[in-house]
Amino acid sequence: MNQLDSLVDPTRRALLKAGLGGGILFAAPSVAFAAPAGFDQWRDNFRARALAKGISDATWTRVMARIEPDMTVFRQMQKQPEFHEQIWQYINRRASDWRIINGREALKKHEALFTRIEQDFGVERGTLLALWGVESAYGDPLVQQNHMRPIFPALAALAWNEPRRRTYWETELINALKIVDRGWGTPEEMRGSWAGAMGHTQWMPEVWLNVGMDYDKDGRVSPFGKPDDALGSSARYLLNRGKYHRGEHWGYEVRSSGGSSSGSRTYAAWASAGVTRADGKPFPQPNASAQMWVPVAGGPSFLLGPNFYSVKSYNPSMNYALAICHLGDRILGAPPFINPFPGSERALTLPEVQELQTRLTKAGFDTGGNDGRVGNDTMKAVRDYQTKMGLLPADGYGGLKVLARLRQGN
């Protein structure tokens with residue numbers, strides 16, 4: 001199985017505020033080093049601070065009494081794989097055939113849940129499906145098994161020995177202990193990223209405590225198991241913190257006849273200025289407002305409404321927001337963008353990605369499997385193959401050109 005696309009995304013607001021936005025958010029569990037000198041003393045001192053914050057002695061003993069710090073988190077922080085993607089590559093990997101197909105299956109399975117969320121919060125199902133697919137592959141349990149680690153040893157290591165953000169990590173460790181104290185999760189099931197992000201939507205403990213809701217009414221707020229709490233909480237986040245507009249679409253790919261493209265105007269005003277939808281359809285809400293965005297000169301143009309920026313509040317990246325919004329549309333049946341990005345390739349189909357992975361593996365480049373998901377393992381295999389074969393740029397993007405070269409053999 002491959003690591004997920006979200007592994008190379010800045011995933012949670014808390015991480016970005018902590019200055020860790022470029023890192024991996026899942027990592028395969030590793031054998032921790034022995035606790036260096038000083039950890040036991042720190043743990044004993046930290047106990048008093050945790051109990052002063054309301055953590056029960058029983059929870060402290062259960063979680064922290066014999067804990068060893070997961071020192072591999074520091075290697076994760078310092079040695080992040082870097083893949084510099086163009087925007088079309090970024091979108092192709094996230095709005096992938098695998099995610100579209102599995103997003104539609106997830107919708108069939110949970111249609112009643114998405115209908116209820118739309119009624120309660122007004123957030124489009126496509127947006128939530130895309131967030132869920134990018135953040136945790138629709139809650140795939142293999143993600144928990146293969147790409148997440150116990151968060152308490154990780155947070156304990158960071159709280160003890162990460163000097164730049166020690167107060168932040170101590171606070172998140174206490175927040176995680178509060179989750180156990182409230183009965184919302186057990187130490188055994190609380191697995192996540194090296195930085196402590198957990199569950200279907202990869203939220204930090206602080207976010208679960210302050211934004212999470214018991215949407216399935218089972219008496220606890222859980223990021224695991226049924227997706228109800230995670231998706232309901234995410235919808236509430238988009239509505240309350242992202243100022244989501246009920247009943248509005250995020251925006252549209254457009255064509256423009258030129259002229260001024262700055263500022264916010266109504267769709268009707270944009271239409272009067274010669275801006276039309278790329279698919280030729282009318283704007284369904286002419287009095288709603290939007291702003292023009294052209295990510296790359298010569299590529300597709302977009303009118304972006306408030307709900308695009310609501311998604312951006314979830315992760316402050318324009319590329320991330322566009323990928324989420326586009327993936328949501330694709331899951332619900334929309335086509336790819338009509339005007340291509342300069343120099344772009346179409347995204348590989350699911351069988352093509354699986355063929356790419358199979359051929360790379362046979363050539364001696366480990367992709368971690370051939371399930372059709374493209375994450376860090378596959379990207380590293382592609383980059384190593386490009387480097388060996390002299391294919392430039394060696395950017396780790398496994399597209400049509402790389403597949404064609406693999407088909408030629410060595």
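Residue indices begin at 1 and follow the sequence shown.
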Between [X] and [Y], is there a donor-acceptor pair closer than 3.5 Å when you use the side chain of the first and the backbone of the second?
| X | Y | answer |
| --- | --- | --- |
| Asn307 | Ser310 | no |
| Arg220 | Ile179 | no |
| Arg191 | Ile151 | no |
| Asn210 | Glu206 | yes |
| Thr61 | Ala65 | no |
| Gln285 | Gly247 | yes |
| Arg265 | Trp270 | no |
| Ser233 | Ala230 | no |
| Arg99 | Gly133 | yes |
| Asp214 | Val221 | no |

Hey, are the side chains of [X] and [Y] touching, using non-hydrogen atoms and a 4.5 Å cut-off?
| X | Y | value |
| --- | --- | --- |
| Arg246 | Val123 | no |
| Leu158 | Tyr168 | no |
| Gln86 | Phe341 | no |
| Asp229 | Asp216 | yes |
| Ile55 | Lys178 | yes |
| Arg359 | Tyr385 | no |
| Gln202 | Met148 | yes |
| Leu304 | Met318 | yes |

Can a donor-acceptor pair be found between the side chains of [X] and [Y] at a distance below 3.5 Å?
| X | Y | answer |
| --- | --- | --- |
| Ser264 | Gln291 | no |
| Thr378 | Arg373 | no |
| Asp181 | Thr59 | yes |
| Thr358 | Asn370 | yes |
| Gln354 | Asp371 | no |
| Glu124 | His249 | yes |
| Asn319 | Ser317 | no |
| Asn175 | Glu172 | yes |
| Thr361 | Thr367 | yes |
| Arg62 | Thr186 | no |
| Tyr397 | Asn92 | yes |

Exercise. Can Asp384 and Lys380 be said to form a salt bridge (Lys or Arg N to Asp or Glu O under 4.0 Å), step by step?
Worked result: CA-CA 6 Å; Asp384 291 346; Lys380 182 179 183 303; 2.9 Å; yes
Could you grab the distance from atom [atom1] of [X] to atom [atom2] of [Y], nearest 0.5 Å is fine?
| X | Y | atom1 | atom2 | result |
| --- | --- | --- | --- | --- |
| Lys226 | Tyr215 | NZ | OH | 11.5 Å |
| Trp184 | Trp208 | CH2 | CH2 | 9.5 Å |
| Glu135 | Ser234 | CD | OG | 8.5 Å |
| Leu238 | Leu131 | CG | CG | 6.0 Å |
| Glu111 | Arg125 | CD | CZ | 5.0 Å |
| Asp140 | Trp132 | CG | CH2 | 10.5 Å |

For this session: Kindly state whether the ring of Tyr320 and the ring of Tyr90 have centres lying under 6.0 angstrom apart.
Result: no
Exercise. Quick check: are there more than 12 heavy atoms from other residues, nucleotides or ligands sitting under 6.0 Å from CZ of Arg66?
Worked result: no
For this session: Just say parallel, tilted or perpendicular for the rings of Trp250 and Phe308, cut-offs at 30° and 60°.
Result: tilted
Problem set entry | Sole residue of Phe337, Trp88, Phe302 in ring-ring contact (aromatic ring centres under 6.0 Å, His included) with His326 | Phe337
Would you call [X] and [Y] a salt bridge, using N to O less than 4.0 angstrom?
| X | Y | value |
| --- | --- | --- |
| Arg165 | Glu162 | no |
| Asp70 | Arg149 | yes |
| Arg47 | Asp57 | yes |
| Asp120 | Arg116 | yes |
| Arg166 | Glu170 | no |

Problem set entry | Under the salt bridge (charged side-chain N to carboxylate O under 4.0 Å, His left out) test, residues paired with Glu345 that sit two or more places apart | none
For this session: Could you list the residues that satisfy salt bridge (charged side-chain N to carboxylate O under 4.0 Å, His left out) with Glu352, not counting sequence neighbours?
Result: Arg346
For this session: Could you please spell out the steps behind the ring pair (Phe, Tyr, Trp, His ring centres under 6.0 Å) verdict for Phe39 and Phe46?
Result: CA-CA 10 Å; Phe39 177 77; Phe46 183 67; 9.8 Å; no
Problem set entry | Pair Leu360-Leu406, side chain to side chain contact (heavy atoms under 4.5 Å, CB included): steps then yes or no | CA-CA 7 Å; Leu360 282 168; Leu406 281 164; 3.9 Å; yes
For this session: For side chain to side chain contact (heavy atoms under 4.5 Å, CB included), just list the numbers for Thr276 and Phe283, CA-CA rounded to whole Å, side-chain angles, deciding distance to a tenth of an Å, and then say yes or no.
Result: CA-CA 8 Å; Thr276 61; Phe283 295 112; 5.7 Å; no
Problem set entry | Test log, rule side-chain hydrogen bond (donor to acceptor under 3.5 Å, both in side chains), inputs Glu253 and Asn339 | CA-CA 8 Å; Glu253 183 187 357; Asn339 186 32; 5.2 Å; no
Problem set entry | Pair Tyr267-Tyr252, ring pair (Phe, Tyr, Trp, His ring centres under 6.0 Å): steps then yes or no | CA-CA 10 Å; Tyr267 285 107; Tyr252 304 93; 5.7 Å; yes
Problem set entry | Working for side chain to side chain contact (heavy atoms under 4.5 Å, CB included), residues Ile87 and Leu322 | CA-CA 10 Å; Ile87 184 172; Leu322 183 60; 4.2 Å; yes
For this session: Check step by step if side chain to side chain contact (heavy atoms under 4.5 Å, CB included) holds for Thr201 and Tyr237.
Result: CA-CA 12 Å; Thr201 47; Tyr237 177 94; over 6 Å; no
